[in-house]
2 protein chains.
Amino acid sequence: MGVTKSEIFTKEQNQIASIAKVLGHPARIAILEHLAKVKTCICGDLVNTIGLAQPTISQHLKELKKLDIIKGNIEGNSICYCLHKEKWEEFKDILNQFLSIFSNPENNCC
Amino acid sequence: MGVTKSEIFTKEQNQIASIAKVLGHPARIAILEHLAKVKTCICGDLVNTIGLAQPTISQHLKELKKLDIIKGNIEGNSICYCLHKEKWEEFKDILNQFLSIFSNPENNCC
DNA sequence: TACATTTATCGCAATATTGCAATATATAAA
DNA sequence: TTTATATATTGCAATATTGCGATAAATGTA
């Protein structure tokens, strides 16, 4: 039904999936990479850097803001975006922990 | 249009997004966690463990197989699934590398 | 004030995803 | 061979997502 049955999963499973889902689009990866590179915050530059229309970029920024992995401050006319350090580290830890569940003492499948 | 403009992104960006996208559903996280826990491969148990119908689980397994993060071997009547070690490590490295782009020498946003 | 710039929002079209019932397929067991 | 078991596939309904043009909202500038 296009709708995910979140109720049957744990809070942790849903959180991991939520983070991964937001990272699951190349435009959002590109935005995050650009923000990481230019450090100082940028905004409509993303529209030029990435080849998508302004409303599309705006929507991806919205998703990223919803996850709280970026912050946006009004700066006069424009809006200044940057990575949200604390959250970035938090999400990194969560994903890393998940990716470490593969304990493999000679675990050669069936 | 529901379709992602992959052409305008780098191979790396698309790859990161592809991996993350597959991890972007709690059912698939649950499947991977279960496989990691029981080590020895299982199959229809997933249908019982996770509360989704068999065709739904089968479809999630298909996605995971498409990414190649799990392997499935026919074992008599049933099919035995397990994590794909090499790929798991590869994807872990790719995600870790991406998550390390946040270099923050007093990088306090705008 | 009038105009330009910047970003968000709305509304739409096209496509993708999620979930399941029904069914097909394949093997094991009786 | 018939029946049971296990899994995949098909087809569908109900959302969700992606992308963009048009437009609104807010601020800066002439």
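A, B, ... follow the sequence lines: proteins, then strands. Residue 1 opens every chain.
A distance-only check finds no donor-acceptor pair linking the side chain of A/Thr56 to the backbone of A/Leu52 [under 3.5 Å]. Remark: side-chain polar atoms of B/Trp88 are paired, donor with acceptor, to backbone N or O of A/Leu99 under 3.5 angstrom.
Remark: A/His25 is in phosphate contact with D/dG19, judged by side-chain N or O atoms under 4.0 Å from OP1 or OP2. OP1 or OP2 of C/dG19 lies within a sub-4.0 Å distance of a side-chain N or O belonging to B/His60. Not one side-chain nitrogen or oxygen of B/Thr56 sits closer than 4.0 Å to the OP1 or OP2 atom of C/dG19. Dashed line: the shortest gap from a side-chain N or O of A/Tyr81 to OP1 or OP2 of C/dA8 is under 4.0 Å.
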Counting only pairs under 3.5 Å, give me each side-chain donor-acceptor contact of residues 24-32 of chain A, with atom names and distances, residues two or more places apart or in other chains.
unit_1, atom_1, unit_2, atom_2, d
A/His25, ND1, A/Ala27, N, 3.0
A/His25, NE2, B/Thr4, OG1, 3.4
A/Arg28, NE, A/Val22, O, 2.6
A/Arg28, NH1, A/His60, ND1, 3.0

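The side chain of B/Ile79 lies closest to D/dA8 when the candidates are D/dG21, D/dA8, C/dC20. Taking the side chain of B/Lys65 as heavy atoms from C-beta on, and the options C/dC20, D/dA22, D/dA8, the nearest nucleotide is D/dA8.
If you take CD1 on B/Ile70 and NZ on B/Lys87, they are separated by 13.5 Å, rounding to the nearest 0.5 Å. From A/Gln15, atom CD reaches atom CD1 of A/Ile94 across 3.5 Å, with rounding to the nearest 0.5 Å. In this structure, CG in A/Leu61 is found 10.0 Å from CD in A/Gln59, a value given to the nearest 0.5 Å. Residue B/Lys71 holds its NZ atom at 13.5 Å from OH of B/Tyr81, rounded to the nearest 0.5 Å.
Not a single side-chain contact (heavy atoms from CB on, under 4.5 Å) links B/Lys66 to another residue, sequence neighbours left out. Residues passing the side chain to side chain donor-acceptor pair (under 3.5 Å) test with A/Asp45, sequence neighbours excluded: none. The side chain to side chain donor-acceptor pair (under 3.5 Å) search around B/Lys5 returns none, not counting sequence neighbours.
Between B/Ser6 and A/Thr4, it is A/Thr4 whose nearest contact on DNA chain D lies nearer the 5' terminus. Each of A/Pro55 and A/Lys5 has a nearest nucleotide on DNA chain C; the 5'-most of these lies closest to A/Pro55.
Between B/Ile70 atom CD1 and D/dA8 atom C1' the separation is 13 Å, expressed in whole Å. Rounded to whole angstrom, the span from the CD1 atom of B/Ile57 across to the P atom of C/dG19 amounts to 9 Å. Rounded to a whole Å, the NZ atom of B/Lys66 is 13 Å from the P atom of D/dT9. With rounding to whole Å, B/Gln59 atom CD is found 14 Å from D/dA13 atom C1'. B/Leu46 places its CG atom 15 Å from the C1' atom of D/dA8, with the value rounded to the nearest Å. Put simply, CD1 on A/Ile31 is 10 Å from P on D/dG19, counting in whole angstrom units. For B/Ile50 and C/dC20, the CD1 to P distance is 12 Å, given to the nearest whole Å. B/Leu67 has its CG atom 13 Å from the P atom of C/dT17, to the nearest Å.
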Pairs: protein N or O with nucleotides 23-28 of chain D N or O, under 3.5 Å:
unit_1, atom_1, unit_2, atom_2, d
D/dT27, O2, A/Asn77, OD1, 3.3

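Using a 4.0 Å heavy-atom criterion, one finds that B/Leu52 contacts the sugar-phosphate atoms exclusively. The residue B/Ser58 sits close to a base: some heavy atom pair falls under 4.0 Å.
DNA chain D lies under 4.0 Å from at least one heavy atom of each of the following residues of residues 12-23 of chain A: A/Lys21.
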